[in-house]
Peer 1: 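Submitted below is the structure of interest, expressed as structure tokens.
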There are 2 protein chains.
Amino acid sequence: MSNPSKMKVYQEVLNEIRRFIQERELEDGDRIPSERELSDQLNASRASVREALRAIELLGLIETRHGEGTFLRTYKPFHSVELLSTFVLTEAQTKDELKEVQYMLEQLCLQELKRLNVREIEELESLDGASEQIHNELFILLFNQLGNQLLLKIWHLVAGFQQMTEQEQLDASDVQSIIDRIKRQEYDQAIDTHSRLYT
Amino acid sequence: MSNPSKMKVYQEVLNEIRRFIQERELEDGDRIPSERELSDQLNASRASVREALRAIELLGLIETRHGEGTFLRTYKPFHSVELLSTFVLTEAQTKDELKEVQYMLEQLCLQELKRLNVREIEELESLDGASEQIHNELFILLFNQLGNQLLLKIWHLVAGFQQMTEQEQLDASDVQSIIDRIKRQEYDQAIDTHSRLYT
DNA sequence: ATTGCGTTAGTGGTCTGACCATTTATGAAA
DNA sequence: TTTCATAAATGGTCAGACCACTAACGCAAT
């Protein structure tokens with residue numbers, strides 16, 4: 001690479017790729033030059049080019065197809081959230097913190113219930129009251145209906161981690177009472193009930 | 001690598017590194033085995049190990065020091081936003097989701113302001129009103145004072161994504177007005193102001 | 001001409017081994 | 001004991017090789 005700065009080669013490569021995409025106004029699905037081409041044109045080894053490509057592949061910015069090539073791809077942050085979760089959630093978090101965050105996220109969700117229409121509320125009927133997982137099922141459904149994949153993903157990861165710490169989970173009947181409140185569109189009471197379960 | 005699945009070697013390496021960190025409960029600043037050690041222990045080439053390491057380095061999860069080694073580093077997600085920002089293709093809906101989640105998290109934060117004491121509020125004085133990063137600085141400070149590190153990290157993550165998608169950031173003067181409100185302990189107005197900035 | 005299929009060129013996936021640059025540990029000399 | 005040159009360990013980078021997969025090509029049979 002030409003740039004003699006302290007930046008690593010793979011980062012320079014990243015810069016060049018970025019410029020390439022920008023100049024040609026590439027879009028979703030468009031092809032990026034092959035690793036060997038990039039290697040030649042940028043005067044970098046293929047190994048360095050690959051370091052750059054693997055990094056943004058992991059991020060979900062490109063898609064690689066064996067034998068075909070490398071293609072640009074629209075970015076979905078919630079994919080990266082999963083990637084990072086291990087690192088973020090593992091670090092010396094107290095269980096209380098996890099629980100608190102889960103609680104907050106669920107409160108956020110419940111506070112948005114007003115946005116749902118009758119038809120969406122009716123879908124709550126499909127929940128299996130006998131299931132041990134009723135809590136998870138409820139919020140997966142609700143977050144889904146709110147239509148925010150990122151938020152769902154975050155909650156899901158936090159909840160999953162929470163479950164691993166083997167704290168006592170919410171009682172199924174308590175969750176059921178929240179569901180009942182929601183069905184009757186008594187949202188404030190639902191929020192209240194949920195709030196009480198966490199304190 | 002032993003695993004004969006269709007997963008790429010660098011991804012397997014990534015999993016192993018993750019496990020390594022998790023099992024030993026490594027924290028900020030702790031050292032990760034050298035590239036050659038990992039290469040030996042995981043039966044992967046050093047090139048593949050590097051692909052994995054470079055990827056999470058770009059994510060900001062590790063720090064590499066030439067001649068010394070590789071170290072775990074928490075808390076600085078997306079230190080290289082600049083490297084990625086311009087060529088991240090994001091759909092409009094995704095951007096909206098991102099914005100919404102960030103907004104929600106910040107509202108969550110502001111709603112907890114009552115819990116802070118005078119001394120903590122006074123720390124807002126330390127914020128540099130001229131900084132472009134005033135928005136980030138404000139919430140890093142606030143989330144920190146609320147004492148939930150996990151929530152801070154999640155917000156940080158989302159804010160990083162947001163920055164990557166190159167959406168228009170909040171105006172510094174608007175943020176400043178939020179800060180002023182908080183200083184005068186007009187929390188409800190602060191929440192209101194913040195809310196208006198996002199709509 | 002059309003269809004079918006082996007060949008081949010291009011591409012990503014992975015490994016080996018080499019060399020350089022930087023930092024730290026080592027050990028001999030003062 | 002201190003000082004400082006040397007060695008060892010580590011990350012940074014490269015060249016080249018081989019495999020696996022895909023798509024395009026071209027020849028042969030229809």
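In this text the structure is predicted, and so the values were computed from the model without any measurement.
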Peer 1: Within the structure, does a side-chain N or O atom of A:Thr70 lie under 4.0 Å from either OP1 or OP2 of C:dT11?
Peer 2: no

Peer 1: Using whole Å, report how far CG of B:Asn43 lies from P of C:dG13.
Peer 2: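 Those two atoms, CG and P, are 21 Å apart.
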
Peer 1: Salt bridge or not between B:Glu122 and B:Lys183? Use side-chain N to carboxylate O under 4.0 Å.
Peer 2: no

Peer 1: Expressed as a whole number of angstroms, how long is the span from B:Leu38:CG to D:dA9:P?
Peer 2: 16 Å

Peer 1: For A:Glu63, which contact category applies under a 4.0 Å heavy-atom criterion: base, sugar-phosphate, or nothing?
Peer 2: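 The answer is nothing, as A:Glu63 stays clear of every strand by at least 4.0 Å.
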
Peer 1: What is the distance, to the nearest angstrom, from the CG atom on A:Asp40 to the P atom on C:dG12?
Peer 2: 12 Å

Peer 1: Both B:Gly67 and A:Glu51 contact DNA chain D. Which one's nearest nucleotide lies toward the 5' end?
Peer 2: B:Gly67

Peer 1: Counting just side-chain N and O atoms, does B:Ser48 come under 4.0 Å of either OP1 or OP2 of C:dG13?
Peer 2: no

Peer 1: Whether the B:Tyr103 and B:Thr199 side chains hold a donor-acceptor pair (N or O, under 3.5 Å, no angle test) is what I'd like checked.
Peer 2: no

Peer 1: With no angle test and no hydrogens, is the base of C:dG12 tied to the side chain of A:Arg36 by a donor-acceptor pair under 3.5 Å?
Peer 2: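 Present.
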
Peer 1: Check the distance between C:dA18's C1' and B:Glu35's CD and give it to me in whole angstrom.
Peer 2: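 Atom CD in B:Glu35 sits about 15 Å away from atom C1' in C:dA18.
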
Peer 1: Given D:dG12, is OP1 or OP2 found less than 4.0 Å from the side-chain N or O atoms of B:Arg50?
Peer 2: yes

Peer 1: Using whole Å, what does the distance between atom P of nucleotide C:dT11 and atom CZ of A:Arg31 come to?
Peer 2: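 That distance rounds to 6 Å.
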
Peer 1: Can you identify which nucleotide, out of D:dG12, C:dG12, C:dT14, has its nearest atom closest to the B:Arg54 side chain?
Peer 2: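 Closest of the options to the side chain of B:Arg54: D:dG12.
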
Peer 1: Given C:dT11, D:dG11, C:dC15, which nucleotide is nearest the side-chain atoms of A:Ser34?
Peer 2: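 Closest nucleotide among those given: C:dT11.
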
Peer 1: Could you tell me how far apart B:Phe71 (CZ) and D:dA9 (P) are, to the nearest whole angstrom?
Peer 2: 16 Å

Peer 1: Under 6.0 Å between ring centres: does that hold for A:His156 and A:Phe139?
Peer 2: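 For A:His156 and A:Phe139, the ring centres are not under 6.0 Å apart.
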
Peer 1: A:Leu42 CG to D:dC14 P: how many Å, rounded?
Peer 2: 11 Å

Peer 1: Can you tell me whether the side chain of B:Arg46 and the base of D:dG12 have a donor-acceptor pair closer than 3.5 Å?
Peer 2: yes

Peer 1: Any base atoms under 4.0 Å from B:Gln11, or only sugar-phosphate, or nothing? Heavy atoms, all strands.
Peer 2: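 Touches nothing.
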
Peer 1: The side chain of A:His66 lies closest to which of these nucleotides: C:dG12, D:dT10, D:dG12?
Peer 2: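 Of the options given, the side chain of A:His66 lies nearest C:dG12.
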
Peer 1: Taking A:Lys8 first and then B:Glu57, would you say they form a salt bridge - that is, a charged N and a carboxylate O separated by under 4.0 Å?
Peer 2: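 B:Glu57 and A:Lys8: salt-bridged.
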
Peer 1: Please give, in whole Å, the distance from D:dA9 C1' to B:Arg65 CZ?
Peer 2: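 Rounding to the nearest Å, CZ of B:Arg65 and C1' of D:dA9 are 15 Å apart.
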
Peer 1: Using distance alone, with no hydrogens and no angle criterion, decide if B:Gln189 and B:Asp192 have a side-chain donor and acceptor under 3.5 Å apart.
Peer 2: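 B:Gln189 vs B:Asp192: no donor-acceptor pair found between side chains.
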
Peer 1: From D:dC14, C:dC15, D:dG12, pick the nucleotide closest to the side chain of B:Ala47?
Peer 2: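 From the listed options, C:dC15 comes nearest.
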
